[in-house]
Amino acid sequence: MDNLPLHVFIISSIVKILIIAHLLIIGVMAMIWSERRVSGWMQDRLGPNRVGPQGLLQPIADGIKFLFKEDLIPNHVDKPLYVLAPVMLLVPAMIAIAVVPFGSSMTILGHEIPLQIADINIGILYILAITSLGVYGVVIGAWASNNKYSLLGGLRSSAQMISYELTLGLAIIGVLMLTDLPDEILTKLGDDEVNPLSLRHIAYAQGVHSWNILVHFPAFLAFTTAMFAETNRLPFDLAEAEQELVAGYHTEYSSMKFAIFFMAEYMNMIVGSAVVVTLFLGGWHFFGLEAIGGPFWSGVISFAILFVKTGVFLFVFIWVRWTLPRFRYDQLMNFGWKFLLPVALTSIVVTGTLYIATNGNRLWIGIGNVVAAFIVVAIVAGMLAMDNNSKSAVQSTPAAAPLRGLDAVE
């Protein structure tokens with residue numbers, strides 16, 4: 001697949017970029033509609049149902065509304081940074097998808113074309129680096145707004161990102177440890193050795209062995225939770241908590257600048273869901289279904305499988321938002337540092353130890369990870385409960401009453 005003629009490589013790359021870019025934009029529109037319809041269904045009320053059949057044209061109406069709303073720029077803002085901030089949030093969300101494989105490969109006119117824009121050898125590091133840049137858009141927008149509520153939202157977002165980025169990176173190390181491919185697949189991919197940092201290799205490895213969620217279930221939960229926090233979605237949207245911050249970092253924004261912030265949020269959700277599917281849920285593999293058909297149709301089916309898996313995970317995003325209440329900020333920090341981080345670190349230690357002790361037996365590694373995570377969570381919860389009980393006992397101890405009257409004389 002790496003031996004494509006130069007003109008075929010260039011044309012196929014341009015076509016893939018255009019297709020993925022349009023799918024991202026359409027995905028944002030679909031998520032806007034889905035969020036409102038699914039939330040209405042969950043709350044036993046009607047969602048959008050007037051503009052188009054079943055409200056399907058509502059996202060287009062919303063886009064037109066934002067385009068024609070007056071684009072206000074307050075006098076007190078830092079104008080260059082104020083204008084730049086939404087773009088700095090949107091661009092990383094769009095370019096992060098470049099290394100995510102959206103299928104196996106497709107044979108067109110005798111050329112086998114991989115369904116991925118760029119299979120770079122540090123794909124995982126690229127994802128972590130690019131997605132972490134999005135926080136600059138939030139912080140700069142908050143700072144440039146020259147508003148105390150916006151600034152507090154930006155500070156919250158940066159602290160939240162630092163806390164959960166550690167878990168996000170550590171949770172995937174166990175996956176990298178167990179990524180292995182037989183020689184025939186390496187030959188097919190045109191590679192000499194396994195590269196565990198390549199998302200394509202990780203996806204193919206799950207087709208050979210088992211889905212990583214079965215072996216790294218605690219790491220999957222930690223990674224998914226950290227991703228919710230990274231995308232500022234409920235119950236982790238403390239950067240825009242209306243009760244305390246009006247709207248947080250985007251309080252001073254209106255019109256299309258306001259819309260770009262939310263486009264970036266939905267794009268981050270789509271990219272994050274595709275990454276979770278690729279790392280833990282088998283990528284485009286689904287019990288051999290992806291191999292049905294010829295060289296062309298197998299690529300189409302693999303793309304459809306990844307599309308459906310990503311859609312299911314996006315539904316989970318909406319489900320969680322309309323099910324769980326927002327955390328307090330101290331709860332957010334405690335949960336990240338005292339629960340998720342120990343679970344991610346434990347997953348690394350247990351995976352490495354059992355890989356050597358059991359000669360790479362995935363069943364025992366999976367069981368060991370679940371048991372170890374349960375023990376760690378129980379220990380941390382017990383320590384926090386004891387600490388809270390001791391604080392409550394100190395606070396409930398009555399202070400000695402001062403001596404008065406005859407008691408004082410005696």
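Along the sequence shown, residues carry numbers from 1.
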Min side-chain heavy-atom separation [X]-[Y] under 4.5 Å:
X      : Y      : result
Tyr164 : Leu332 : yes
Leu181 : Leu189 : yes
Tyr249 : Ser145 : no
Ile127 : Leu199 : yes
Val38  : Trp322 : no
Thr131 : Pro92  : no

Name all residues meeting the ring-ring contact (aromatic ring centres under 6.0 Å, His included) criterion together with Tyr126; count only those two or more places apart in sequence or in a different chain, and write none if there are none.
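Tyr126: no ring-ring contact (aromatic ring centres under 6.0 Å, His included) contacts found.
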How many angstroms lie between atom [atom1] of [X] and atom [atom2] of [Y], to the nearest 0.5 angstrom?
X      : Y      : atom1 : atom2 : value
Ile117 : Ile14  : CD1   : CD1   : 12.0 Å
Phe335 : Arg328 : CZ    : CZ    : 14.5 Å
Leu178 : Ile173 : CG    : CD1   : 12.5 Å
Asp119 : Leu115 : CG    : CG    : 12.0 Å
Ser273 : Met227 : OG    : CE    : 5.0 Å
Leu170 : Ile348 : CG    : CD1   : 4.5 Å

Side chain to side chain contact (heavy atoms under 4.5 Å, CB included) between Leu176 and Ile202, worked out:
CA-CA 8 Å; Leu176 307 184; Ile202 292 172; 3.9 Å; yes
Please report the C-alpha distance between Ile379 and Ile375 in whole Å, then the side-chain angles of each, then the deciding distance to 0.1 Å, and finally whether the side chain to side chain contact (heavy atoms under 4.5 Å, CB included) criterion is met.
CA-CA 6 Å; Ile379 291 173; Ile375 293 172; 3.7 Å; yes
Quick check: closest heavy atoms across [X] and [Y], and the distance to 0.1 Å?
X      : Y      : result
Leu306 : Gly103 : CD2-N, 4.4 Å
Val194 : Thr179 : CG1-O, 3.6 Å
Val271 : Ala93  : CG2-O, 3.4 Å

[X] (side chain) donor-acceptor with [Y] (main chain) under 3.5 angstrom:
X      : Y      : answer
Lys257 : Asp71  : no
Trp33  : Gln54  : yes
Glu165 : Glu230 : no
Lys16  : Pro114 : yes
Glu290 : Ser302 : no
His209 : Asp180 : yes
Thr224 : Leu221 : no
Ser150 : Asn146 : no
Glu35  : Met31  : no
His201 : Asn195 : yes

Between Phe223 and Thr167, does the side chain to side chain contact (heavy atoms under 4.5 Å, CB included) criterion hold? Intermediate values first, please.
CA-CA 7 Å; Phe223 184 89; Thr167 299; over 6 Å; no
Result of checking Tyr204, Trp211, Phe102 against Trp284 for ring pair (Phe, Tyr, Trp, His ring centres under 6.0 Å):
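In the set Tyr204, Trp211, Phe102, the residue that makes a ring pair (Phe, Tyr, Trp, His ring centres under 6.0 Å) with Trp284 is Tyr204.
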After noting the C-alpha distance and the side-chain angles of His285 and Ile305, does the key distance pass the side chain to side chain contact (heavy atoms under 4.5 Å, CB included) rule?
CA-CA 7 Å; His285 296 97; Ile305 291 172; over 6 Å; no
For Tyr266 and Phe262, what are the C-alpha separation, side-chain angles and deciding distance, and is it a ring-ring contact (aromatic ring centres under 6.0 Å, His included)?
CA-CA 6 Å; Tyr266 284 119; Phe262 283 93; 7.3 Å; no
Pair Phe228 and Phe317, ring centroids less than 6.0 Å apart
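Here the rings of Phe317 and Phe228 have centres that are less than 6.0 Å from each other.
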Using side chain to side chain donor-acceptor pair (under 3.5 Å), reason through Gln160 and Asn232 one step at a time and then give a plain yes or no.
CA-CA 9 Å; Gln160 181 173 316; Asn232 285 325; 3.1 Å; yes
Ion pair present between Arg36 and Asp62, side-chain N to carboxylate O less than 4.0 angstrom?
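Salt bridge: yes.
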Does NZ or CZ of Arg156 come closer than 6.0 Å to the centre of the six-membered ring of Tyr329, within 45° of the ring's axis?
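The answer is yes, since Arg156 meets both limits relative to Tyr329.
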For the residue pair Tyr82 and Tyr253, does the interplanar ring angle fall in the parallel (under 30°), tilted (30 to 60°) or perpendicular (over 60°) class?
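Because their plane-to-plane angle is under 30°, the rings of Tyr82 and Tyr253 count as parallel.
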Which of these, Val276, Asn212, Leu214, Ile172, sits in a side chain to side chain contact (heavy atoms under 4.5 Å, CB included) with Phe220?
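Per the side chain to side chain contact (heavy atoms under 4.5 Å, CB included) rule, the option paired with Phe220 is Val276, out of Val276, Asn212, Leu214, Ile172.
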